[in-house]
There are 2 protein chains.
Amino acid sequence: MGATTTDQQLDALFTALSDRTRRDIVARLTIGDATVKELAEPYAMSMQAVSQHIRVLERSGLISRGRHRQTRPCRLEPAALESAASWVEESRRTWSERMDRLDSHLARVQKRADR
Amino acid sequence: MGATTTDQQLDALFTALSDRTRRDIVARLTIGDATVKELAEPYAMSMQAVSQHIRVLERSGLISRGRHRQTRPCRLEPAALESAASWVEESRRTWSERMDRLDSHLARVQKRADR
DNA sequence: TCCGTACTCAAGCATCTGCTTTATAAAGTG
DNA sequence: CACTTTATAAAGCAGATGCTTGAGTACGGA
């Protein structure tokens, strides 16, 4: 449960997600595995450029790769996506707990004022 | 509900979160508002450097700033955190739907094989 | 074996980032 | 008023990032 993700992993993860092309690729891979060529198709940039994006995604742990004939199919690794989600959720949780405490504090203050 | 976050907003958001110092600052701000000086305290780097990190966070929408005496207190803006969470959750959802379909497909295939 | 397909490697280049230092501004305090 | 505190602005710099082109590698087909 306690997702122990290192700071370096989070660096790599959020860096990977900070580029539109890479987010597109991740979104594409949620639908199904794909080769570099297939992933490169929609873009004006060279396949080499897409290959480099894929490497960034691979290093972040967001995708893994296999081998099939002469292709290197890409597959999404949802565990990495979970790590990113966990960090964000933890922050949201802490913040909302603080807000809850603030609310109840204000309620108490209000109650006193009402008397 | 349909969090319509632009690609540029997501770029800024994930870029902001891709740095450990900035993630630390966000985590610190979940606990409570703070001034630049307070946020800079734990770090070896100059206050100017922290001020620049804060600007990145502000541009991403993750924090907002007020004025109080000669300080510029920073406050977390959880809506931005939600935008980031939404993007990740959307990907996770699509992926798991695909997995569900795959599972039920495999179940059907298995059933046929059992006969 | 020669050829095409799918990809990676490597070098180059413009731009962006994360920091520094110096200088400046704005708001209290003596 | 001078002086301190808090913060921003601007310039400079090393290193990272996102692309390019050109060259290679690995696999399969005729």
Side-chain angles (χ1 to χ4, degrees), chain A residues 6-29 32-76 84, chain B residues 6-29 32-76 84:
Chain A
T6 67
D7 286 312
Q8 284 157 358
Q9 283 176 305
L10 288 171
D11 276 7
L13 221 34
F14 286 119
T15 298
L17 294 177
S18 72
D19 182 275
R20 185 207 209 293
T21 303
R22 287 192 295 260
R23 283 195 307 275
D24 277 355
I25 290 174
V26 168
R28 165 66 184 78
L29 290 175
D33 299 359
T35 65
V36 179
K37 196 203 172 201
E38 287 165 350
L39 292 170
E41 217 91 51
Y43 303 103
M45 73 185 79
S46 67
M47 193 175 73
Q48 287 93 322
V50 172
S51 189
Q52 286 172 75
H53 280 304
I54 286 170
R55 176 136 66 155
V56 173
L57 288 167
E58 197 178 7
R59 290 213 183 138
S60 78
L62 276 164
I63 70 171
S64 64
R65 319 193 58 184
R67 277 178 195 278
H68 181 250
R69 293 169 178 265
Q70 62 270 64
T71 69
R72 306 285 320 273
C74 300
R75 159 167 312 190
L76 192 68
Chain B
T6 67
D7 286 313
Q8 284 155 0
Q9 282 177 306
L10 288 172
D11 275 7
L13 221 33
F14 286 119
T15 297
L17 294 177
S18 71
D19 182 276
R20 186 210 210 289
T21 302
R22 288 193 294 261
R23 283 195 306 275
D24 277 355
I25 290 173
V26 168
R28 165 67 183 79
L29 291 174
D33 299 0
T35 65
V36 178
K37 197 205 171 200
E38 287 165 348
L39 292 171
E41 217 90 50
Y43 304 103
M45 73 185 80
S46 68
M47 191 174 74
Q48 287 91 326
V50 172
S51 190
Q52 286 172 71
H53 280 304
I54 287 169
R55 174 135 66 151
V56 173
L57 288 167
E58 196 178 9
R59 289 213 183 138
S60 78
L62 276 165
I63 70 172
S64 66
R65 321 193 57 186
R67 277 177 194 278
H68 181 250
R69 295 171 177 265
Q70 63 268 65
T71 69
R72 305 286 318 275
C74 300
R75 159 165 314 190
L76 192 68

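Chain naming here is simple, since letters A, B, ... match the order of the sequence lines and numbering starts at 1 in each. Keep in mind that the numbers below use all heavy atoms, side chains included, and drop hydrogens, waters and symmetry copies.
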> Starting at the 5' end of DNA chain D and moving along, which residue's nearest nucleotide shows up first, H53(A) or K37(B)?
Replying inline: K37(B)
> Can you list the steps and then say if D11(A) with R20(B) is a side chain to side chain contact (heavy atoms under 4.5 Å, CB included)?
Replying inline: CA-CA 7 Å; D11(A) 276 7; R20(B) 186 210 210 289; 4.0 Å; yes
What nucleotide, of [options], holds the atom closest to the side chain of [X]?
X      : options                  : answer
A49(A) : dT20(D), dT6(D), dA7(D)  : dT20(D)
S46(B) : dT20(C), dT20(D), dT8(D) : dT20(C)
V36(B) : dA7(D), dC9(C), dT17(D)  : dA7(D)

Can you check the [X] [atom1] to [N] [atom2] distance for me, whole Å?
X      : N       : atom1 : atom2 : result
M47(B) : dT20(C) : CE    : P     : 12 Å
R67(B) : dA26(C) : CZ    : C1'   : 9 Å
R72(A) : dG28(D) : CZ    : P     : 14 Å
D19(A) : dT17(D) : CG    : P     : 11 Å
E58(A) : dC7(C)  : CD    : C1'   : 13 Å
E38(B) : dA7(D)  : CD    : C1'   : 13 Å
I54(B) : dA9(D)  : CD1   : P     : 13 Å
Y43(B) : dG18(C) : OH    : P     : 14 Å

Using OP1 and OP2 only, check whether a side-chain N or O of [X] sits under 4.0 Å from [N].
X      : N       : result
R22(B) : dG18(C) : yes
S51(A) : dT8(C)  : yes
R65(A) : dT8(C)  : yes

> For V36(A) and V50(A), which heavy atoms make the closest approach, and how far apart are they?
Replying inline: O-CG1, 4.4 Å
> Which atom names give the shortest non-hydrogen contact between T21(A) and Y43(A), and what distance separates them?
Replying inline: O-OH, 3.8 Å
>> With side-chain contact (heavy atoms from CB on, under 4.5 Å) as the test, pick out the partner of I25(A) among L39(A), V56(A), L62(A).
In response: L39(A)
> Which part of the nucleic acid, if any, lies within reach of T21(A) when heavy atoms closer than 4.0 Å are counted: base, sugar-phosphate only, or nothing?
Replying inline: nothing
> What does R20(A) touch in the nucleic acid at a heavy-atom separation under 4.0 angstrom: a base, only the sugar-phosphate, or nothing?
Replying inline: nothing
> Yes or no on side chain to side chain contact (heavy atoms under 4.5 Å, CB included) for R65(B) and I54(B), after CA distance, side-chain angles and deciding distance?
Replying inline: CA-CA 10 Å; R65(B) 321 193 57 186; I54(B) 287 169; 3.7 Å; yes
> Got a donor-acceptor pair under 3.5 Å from the side chain of Q48(A) to the base of dG22(D)?
Replying inline: yes
>> Ignoring hydrogens and geometry beyond distance, is the side chain of Q70(B) in donor-acceptor contact with the base of dT29(C) at under 3.5 Å?
In response: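 It does not, because no donor-acceptor pair links the side chain of Q70(B) to the base of dT29(C) below 3.5 Å.
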